[in-house]
Protein chains: 2
Amino acid sequence: MTTSSETYDRELTEILHSRGQRVTPQRVVMNRVLRSAKRHVTAEDVLREVTGKLPNVSLPTVYATLELFEELGLVRRVATESGPALFDSRTDEHQHVVCRRCGRVQDLDTAVDDSRARAAARRAGFRPEHTDVVLVGLCADCAA
Amino acid sequence: MTTSSETYDRELTEILHSRGQRVTPQRVVMNRVLRSAKRHVTAEDVLREVTGKLPNVSLPTVYATLELFEELGLVRRVATESGPALFDSRTDEHQHVVCRRCGRVQDLDTAVDDSRARAAARRAGFRPEHTDVVLVGLCADCAA
DNA sequence: CTGGATGCAAACTCTTTGCATGCAT
DNA sequence: ATGCATGCAAAGAGTTTGCATCCAG
């Protein structure tokens, strides 16, 4: 089930206009790149992908746009124990496995019951919004 | 139930000797600082605390020692979505709440069932070792 | 003594900021 | 026309590396 670029573009345009923000080529291309990315990407990854389609895009713009997209709910920052920031265009509930040796990240799709943790967080005075679940270990290659 | 510095020192000495590594004043003091720290600390935090007890300790030594202690299982790096690396001397299973606005981190003590996630990770070829659970939201102060 | 551990300085990576220009509205 | 968004350069935060010296065993 692949979604077309036009659908991505239309959705982005709608969100941006509803907030009085501009639809620029950089934002359109970055949105397409992110939404069709299979893996978790760094800002550098995004720049590389985008540059193939639109020249002269700068890293500061990539960072600014990633931050914007995060606010818009289009991407989520992945919690990691080190290394450059990773961004994930899947915003639905899922988990990550990270290899502590090579840094590889993969999605998991299982149910994790965080209701007791959320309740404890509220008792501690927090207003929890989402839960990052990261399993740290070794991938098949690094285990060998 | 406070544990004395002597107990910390003895435990550290034992682990280091068993691996043929040296017991230096820097390591002893850092171990005491970390084990008695209530909150989650950055490398800078550790340096500040240590400098009060032992002058001329350098940040590279703090980083090297934190990495060593991580290998020894004395501290764990906390998964976060951004900011400087956080270290936690609690190595038993627990969760964290992080304020996405001010970065405050607090411990939670609840049971989170990650067995299905672990199984899924193994199916994906990983050998999961531990699970980081981080609830992201707003703390009481920042919610206002 | 001897080599692992340290301190210092410098390099490096990742990210943010300042500012002049450009383009979406 | 207006001012938000961009590109470029430079600065900034956090972490790592190189190397001479030191000290724990």
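Naming convention: chains lettered A, B, ... in sequence-line order (proteins, then strands); numbering from 1 in each chain. These values consider heavy atoms only, across backbone and side chains, with no hydrogens, waters or symmetry-generated copies. Note that this is a predicted model, so its numbers are computed, not measured.
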**Student:** Starting from the 5' end of DNA chain C, give me the residue, B/Pro55 or B/Arg22, whose nearest nucleotide shows up first.
**Tutor:** B/Arg22
**Student:** Describe the nucleic acid contact of B/Gln21 in one word from base, sugar-phosphate, nothing, applying a heavy-atom distance below 4.0 Å.
**Tutor:** sugar-phosphate
**Student:** Return the nearest nucleotide to the side chain of B/Pro60; candidates are C/dC8, D/dC8, C/dT15.
**Tutor:** C/dC8
**Student:** Does the side chain of B/Tyr63 get closer than 4.0 angstrom to OP1 or OP2 of D/dT16 through an N or O atom?
**Tutor:**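 Looking at the OP1 and OP2 atoms of D/dT16, neither is under 4.0 Å from any side-chain N or O of B/Tyr63.
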**Student:** Between A/Pro25 and B/Thr24, just flag the one whose closest nucleotide in DNA chain C comes earlier from the 5' side.
**Tutor:**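 Nearest nucleotide further toward 5': that of B/Thr24.
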**Student:** Taking 4.0 Å as the cut-off, does a side-chain nitrogen or oxygen of A/His17 come that near to OP1 or OP2 on C/dT25?
**Tutor:**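 Checking A/His17 against C/dT25: at least one side-chain N or O falls below 4.0 Å of OP1 or OP2.
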**Student:** Does the A/Asp45 side chain pair with the main chain of A/Thr42, one donor and one acceptor, at a distance under 3.5 Å?
**Tutor:**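 At least one qualifying donor-acceptor pair exists.
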**Student:** Send over the distance from A/Leu68 CG to D/dT6 P, rounded to a whole Å.
**Tutor:**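 My rounded result for the distance is 9 Å.
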**Student:** Round to the nearest Å and state the distance from A/Glu67 atom CD to C/dC14 atom P.
**Tutor:** 19 Å
**Student:** Does a salt bridge link B/Glu70 with A/Arg100, judged by any charged N lying under 4.0 Å from a carboxylate O?
**Tutor:**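 Salt bridge between B/Glu70 and A/Arg100, a charged N being under 4.0 Å from a carboxylate O: no.
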**Student:** A/Arg27 has a side chain; which of D/dG25, D/dT15, D/dT6 sits nearest to it?
**Tutor:** D/dT6
**Student:** Hey, is the side chain of B/Ser58 poking within less than 4.0 Å of OP1 or OP2 on C/dG7, counting only N and O atoms?
**Tutor:** yes
**Student:** Salt bridge (Lys or Arg N to Asp or Glu O under 4.0 Å) with A/Glu71: which of A/Arg76, A/Arg77, A/Arg19?
**Tutor:**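 Of the listed options, the one satisfying the test is A/Arg19.
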**Student:** To the nearest angstrom, how far is A/Leu59 atom CG from D/dA5 atom P?
**Tutor:** 19 Å
**Student:** Can you check the B/Met30 CE to C/dA5 C1' distance for me, whole Å?
**Tutor:**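 From B/Met30 CE to C/dA5 C1': 13 Å.
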**Student:** Remember a base hit wins even if backbone is also touched, and classify A/Ala64 as base, sugar-phosphate or nothing at under 4.0 Å, heavy atoms.
**Tutor:** nothing
**Student:** How long is the span from the CZ atom in B/Arg116 to the CG atom in A/Leu108, to the nearest 0.5 Å?
**Tutor:**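 That separation rounds to 13.0 Å.
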**Student:** Within the distance-only criterion (no hydrogens, no angle test), does the side chain of A/Arg101 pair as donor or acceptor with the backbone N or O of A/Leu138 below 3.5 angstrom?
**Tutor:** no
**Student:** Base, sugar-phosphate or nothing for A/Gln26? Non-hydrogen atoms, less than 4.0 Å.
**Tutor:**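 Here A/Gln26 touches the backbone only, sparing every base.
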**Student:** On DNA chain D, compare the nucleotides closest to A/Thr61 and B/Val23; which residue's is nearer the 5' end?
**Tutor:** A/Thr61
